[in-house]
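Sequential numbering from 1 along the given sequence is applied to the chain's residues. Because the structure is predicted, anything quoted here is derived from the model rather than measured.
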Amino acid sequence: MDGLDLIKTFREVALRRSFSRAGISLGMSKATVSKHVAKLEERSGVRLLHRSTRSLSLTEAGRILLDRSTELVELAENTLHELQAHGSQPRGRLRISAPHGLISGWMSDVIAGFVDLYPEVYITLVSTNEKVNLVEEGIDVHLTGGRIEDVNLIVRRLIQYEMVLCASRAYWARYGMPQVPDELRSHGMLTLSAIVDSHLHFEVGGTSRQVAVRSRMEANDAIALIELARRGLGVAYVPEPLVQTHLENGTLVSVLREYVPKDQWLYAAYSQRRHNSAAMRALLDYVQKSAASLKEAA
């Protein structure tokens with residue numbers, strides 16, 4: 001292994017403070033990562049890490065190397081990505097993170113189609129509903145319906161989608177279907193934990209209107225809310241792509257579609273160092289086209 005690869009391995013360990021997490025990101029075993037760092041220390045003649053059974057920290061020499069190697073590694077990776085971009089076939093590894101519901105829903109079909117089309121791209125999926133630090137967790141691209149606040153990331157809009165209010169036929173038969181947004185006040189809502197506001201926003205007569213609602217239950221995963229709605233527990237407020245199959249087969253019925261704002265977007269966030277990756281561009285283009293086709297078929 002050349003010196004640059006050894007430095008890249010060291011950087012992963014230093015950023016994650018863990019040989020194991022660095023190994024997962026790099027696709028190596030913990031033992032291999034440890035050997036590479038030891039080899040770098042041997043070549044440089046200095047200790048780069050303080051190791052103990054419970055912690056891992058940088059020595060002064062390690063801090064200097066981490067700081068000064070940033071531009072070097074980014075330059076090398078960007079150059080390689082630009083060279084790969086001239087190739088006819090995207091290749092390499094992509095580590096993708098997304099919420100549980102997105103991966104469990106239509107995104108699984110999209111990823112399967114992408115891998116079939118580009119067999120030389122190896123995908124690692126990270127399913128999480130928590131905020132993601134792309135650098136620390138070795139994520140190449142994060143897909144989310146929420147806004148991206150990190151100004152250091154490149155954010156690309158992929159597809160616009162709608163939020164849907166839906167419940168089972170049995171629930172509507174028992175409690176009645178609301179005809180206007182205000183009638184939601186008497187219903188039990190199944191809400192996403194990420195939506196901290198107790199009001200839902202609607203467009204009524206061309207103006208924005210907030211309606212106070214009562215949350216009967218919340219979850220950090222839209223798929224869980226959809227399953228609870230199917231069992232008649234309440235009215236779910238979830239992204240349309242995740243619930244489309246249930247709407248089509250009639251197990252869930254939507255209401256107030258004409259009042260729900262249509263300003264939701266699926267975003268992709270990634271760092272500058274992955275901007276010129278042929279595999280990355282191919283993935284985002286494929287997701288965008290697949291999502292658009294799904295929307296047109298709805």
Side-chain angles (χ1 to χ4, degrees), residues 99 101-102 105-107 129 143-149 155-269 287-288 290-298:
L102 190 59
W106 64 270
M107 183 57 68
N129 290 331
L143 304 175
T144 179
R147 295 190 179 278
I148 310 297
E149 298 177 357
V155 178
R156 174 174 168 179
R157 283 182 170 182
L158 293 179
I159 191 69
Q160 193 173 23
Y161 65 91
E162 297 180 24
M163 296 294 288
V164 174
L165 288 158
C166 58
S168 67
R169 293 182 181 277
Y171 177 91
W172 293 133
R174 182 176 181 182
Y175 296 102
M177 281 188 174
Q179 302 302 310
V180 293
D182 282 336
E183 293 181 5
L184 272 179
R185 300 177 191 273
S186 62
H187 290 270
M189 298 295 301
L190 306 175
T191 56
L192 285 167
S193 303
I195 302 177
V196 296
D197 195 351
S198 60
H199 295 73
L200 292 183
H201 298 262
F202 296 95
E203 296 289 338
V204 181
T207 60
S208 179
R209 180 180 176 83
Q210 294 186 11
V211 175
V213 294
R214 175 178 58 87
S215 177
R216 182 178 184 186
M217 186 173 180
E218 68 177 45
N220 69 344
D221 184 20
I223 297 298
L225 298 180
I226 291 170
E227 290 303 312
L228 292 171
R230 290 181 60 224
R231 289 160 173 77
L233 192 63
V235 182
Y237 185 58
V238 292
E240 181 185 26
L242 306 186
V243 76
Q244 183 171 330
T245 300
H246 299 296
L247 297 177
E248 290 175 351
N249 63 29
T251 55
L252 291 174
V253 178
S254 64
V255 295
L256 305 177
R257 294 291 290 267
E258 66 272 28
Y259 297 106
V260 177
K262 299 171 176 58
D263 58 353
Q264 302 293 321
W265 285 86
L266 174 66
Y267 297 96
V287 171
Q288 192 165 30
S290 299
S293 299
L294 178 68
K295 186 176 181 181
E296 291 173 0

Among residues two or more places apart or on two chains, list those pairs meeting salt bridge (Lys or Arg N to Asp or Glu O under 4.0 Å) that have a residue in residues 165-178. none
How far does CZ of Arg216 sit from CG of Leu228, to the nearest 0.5 angstrom? 9.5 Å
If you measure from CG on Asn220 to OG1 on Thr191, what distance do you get to the nearest 0.5 Å? 11.5 Å
Does the pair Gln264 and Glu240 meet the rule for a side-chain contact (heavy atoms from CB on, under 4.5 Å), with working shown? CA-CA 10 Å; Gln264 302 293 321; Glu240 181 185 26; over 6 Å; no
Minimal heavy-atom distance between Val260 and Met163, with the atoms involved, is CG1-O, 3.4 Å
Please name the pair of heavy atoms, one in Ala224 and one in Ala219, separated by the smallest distance, quoted to 0.1 Å. CB-CB, 4.2 Å
Interatomic distance, CE@Met189 vs CG@Leu165, rounded to 0.5 Å, equals 5.0 Å
Are Val235 and Val213 close enough, and set up right, to give a side-chain contact (heavy atoms from CB on, under 4.5 Å), and what steps lead you there? CA-CA 11 Å; Val235 182; Val213 294; over 6 Å; no
Donor-acceptor pair, side chain of Gln160 and main chain of Lys262, under 3.5 angstrom: yes
Work out which heavy atom in Ala212 is nearest to a heavy atom in Arg185; give both atom names and the distance. O-CG, 3.5 Å
Could you grab the distance from atom CD of Glu218 to atom OH of Tyr237, nearest 0.5 Å is fine? 15.5 Å
Can you check whether Leu143 reaches Leu158 side chain to side chain, under 4.5 Å on heavy atoms? yes
Which pair of heavy atoms, one from Gly188 and one from Tyr171, lies closest together, and at what distance? N-OH, 3.5 Å
Does a side-chain heavy-atom distance below 4.5 Å link Arg156 with Tyr267? no
State whether the side chain of Arg230 and the backbone N or O of Thr251 hold a donor-acceptor pair below 3.5 Å, judged by distance alone. no
I'd like to know if the side chain of Ser290 and the backbone of Val287 have a donor-acceptor N/O pair within less than 3.5 Å. no
Considering all heavy atoms, the nearest Leu247-Val164 contact: CD1-CG1, 4.2 Å
Parallel, tilted or perpendicular for His187 and Tyr175, by the 30°/60° rule? perpendicular
Point-to-point distance, once rounded to the nearest 0.5 Å, from CD of Gln244 to SG of Cys166: 12.0 Å
Could you measure the distance from the CG atom of Leu233 to the CE atom of Met217? Nearest 0.5 Å is fine. 6.5 Å
So which atom in Leu184 and which in Pro178 form the shortest heavy-atom distance, rounded to 0.1 Å? CD2-CG, 4.1 Å
Sequence neighbours excluded, which residues qualify as side chain to side chain donor-acceptor pair (under 3.5 Å) partners of Arg209? Asp182
Set of side chain to side chain contact (heavy atoms under 4.5 Å, CB included) partners for Ala222, sequence neighbours left out: Leu192, Val238, Pro239, Leu242
